[in-house]
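This one's a predicted model, so the numbers in the text were calculated from it and none came from an experiment.
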Number of protein chains: 2
Amino acid sequence: MMTNLIAGLRAEGRRLTRSRKAILDVLEKSKYPLSAADVHARLKREQVAVDLVTVYRTLAVLKKLGLIAQVELGEGQFRYETRHGREHHHHIRCRGCGRIADLMLCPLKKLTALVERETRFTVEEHSLEFFGWCPKCR
Amino acid sequence: MMTNLIAGLRAEGRRLTRSRKAILDVLEKSKYPLSAADVHARLKREQVAVDLVTVYRTLAVLKKLGLIAQVELGEGQFRYETRHGREHHHHIRCRGCGRIADLMLCPLKKLTALVERETRFTVEEHSLEFFGWCPKCR
DNA sequence: GTGATACGTGCAAACAAGTTGCAATTGAGA
DNA sequence: TCTCAATTGCAACTTGTTTGCACGTATCAC
């Protein structure tokens, strides 16, 4: 949210701009993760003129600040969603219509520790996605 | 493996070709999932002349036949690995060097049932990937 | 408030991954 | 061996994402 945005940007000597606010705002309002093109289209719909390139650059900044998360759902593109006010969660995507729903669960705490022990990697993040058919497409 | 390949192809009125054998073979030999470009490079190294386009088309066929699985590891590209002789498993990828290791575990049976009940989707597949730092890059 | 400066933006162009159209080639059944 | 549809290679294209550069503008010091 805006407080975090300002603080995060400050901390890196970066600036708060109209575009950044607008892009974060679009993501905050969406119920599911958006692609760069999605964000761009929504900004246009709201009469906010921001270049697609700026959307990409801004998403990179917001991601680095930890304000948004990058998600891959088997589409060959990235999607982004806010972290603000949302619990850690995962997604399910319909193979028919592409509908995406949130799953407010994550039982991987213990598993992460196990993975670290087994592989000697330090786990920083994980992604868990389900794919299937929604009621309408079944 | 070849028997499955032949049977699968037959069943769809498709043919067994040198390229298809070679591509499946490359995937069988790899210890980690490969991108289309990786497969292409390895074929070239083995003096097997196959166009990159054919690699893409073949990967699509093998995937449809269920002989290989498509994996996304946060790189903005797809990777593929054989299913033959390998248990269902997941991966961990190093944020430093990109090294990919297999994780021979998957505790999601129960969770899948839970997801189906909650979302009313029919779950067909899931992906679970970890990201972190390998011992060398830490 | 004003000015200086480095960060941010738009536009065009480049890149990278993956796809498509089409003519030439080839596997597999008759 | 012949036939014919499936397969392949090549070129061109599409889509998603990144980069270079000149211009614009937040922010800080005064």
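For the pair B:A36 and A:R14, both in contact range of DNA chain C, the more 5′-proximal nearest nucleotide belongs to A:R14. Heavy-atom nearest nucleotides on DNA chain D were determined for B:G13 and for B:V53, and the one closer to the 5' end corresponds to B:G13.
Comparing the helix axis at one end of the helix from C:dG1-D:dC30 to C:dA30-D:dT1 with that at the other, each defined from 5 consecutive pairs, gives an inter-axis angle of 40° (nearest 10°).
In the set D:dG16, D:dT7, C:dG18, D:dG16 carries the atom at the smallest distance from any side-chain atom of A:Q77. Taking every side-chain heavy atom of A:Y56 into account, D:dT17 is the closest of C:dG10, D:dT17, D:dT8. Here C:dG29 is the nucleotide among C:dG29, D:dA6, C:dG8 with the atom lying nearest to any side-chain atom of B:R10. Taking every side-chain heavy atom of A:R15 into account, D:dG24 is the closest of D:dT8, C:dG18, D:dG24. Candidate nucleotides C:dG8, D:dT8, D:dC21 were compared by shortest atom distance to the side chain of A:R57, and D:dC21 ranks first. Relative to the side chain of A:D51, the nucleotides D:dT27, C:dG10, D:dT8 differ in distance, and C:dG10 lies closest. Out of C:dG29, C:dG18, D:dA6, the shortest distance to the side chain of B:F78 is found at C:dG18.
The existence of a salt bridge linking B:R93 and B:E129 is excluded, since no basic side-chain nitrogen approaches an acidic carboxylate oxygen closer than 4.0 Å. Salt bridge absent: A:K64 and A:E12 never bring a charged side-chain N and a carboxylate O closer than 4.0 Å. A:R86 has a carboxylate O that lies under 4.0 Å from a charged side-chain N of A:E81, or vice versa, which qualifies the two as a salt bridge. For the pair A:R79 and A:E72, the salt-bridge criterion is not met [side-chain N within less than 4.0 Å of a carboxylate O]. Using a cut-off of 4.0 Å between Lys/Arg side-chain N and Asp/Glu carboxylate O, A:K29 and A:E46 are scored as salt-bridged.
The CG atom of B:L9 sits 9 Å away from the P atom of C:dA28 (whole-angstrom rounding). Separating the NZ atom of A:K64 from the C1' atom of C:dG8 is a distance of 14 Å, rounded to the nearest angstrom.
Ring centroids of B:H90 and B:H126 are separated by less than 6.0 Å, placing the two rings close together.
No side-chain N or O of B:T54 forms a donor-acceptor pair with one of B:D51 less than 3.5 Å apart.
Residue B:L52 is classed as having no contact, given no heavy-atom separation below 4.0 Å to the nucleic acid. B:S35 comes within contact range of no nucleotide atom at all, as no heavy-atom separation falls under 4.0 Å.
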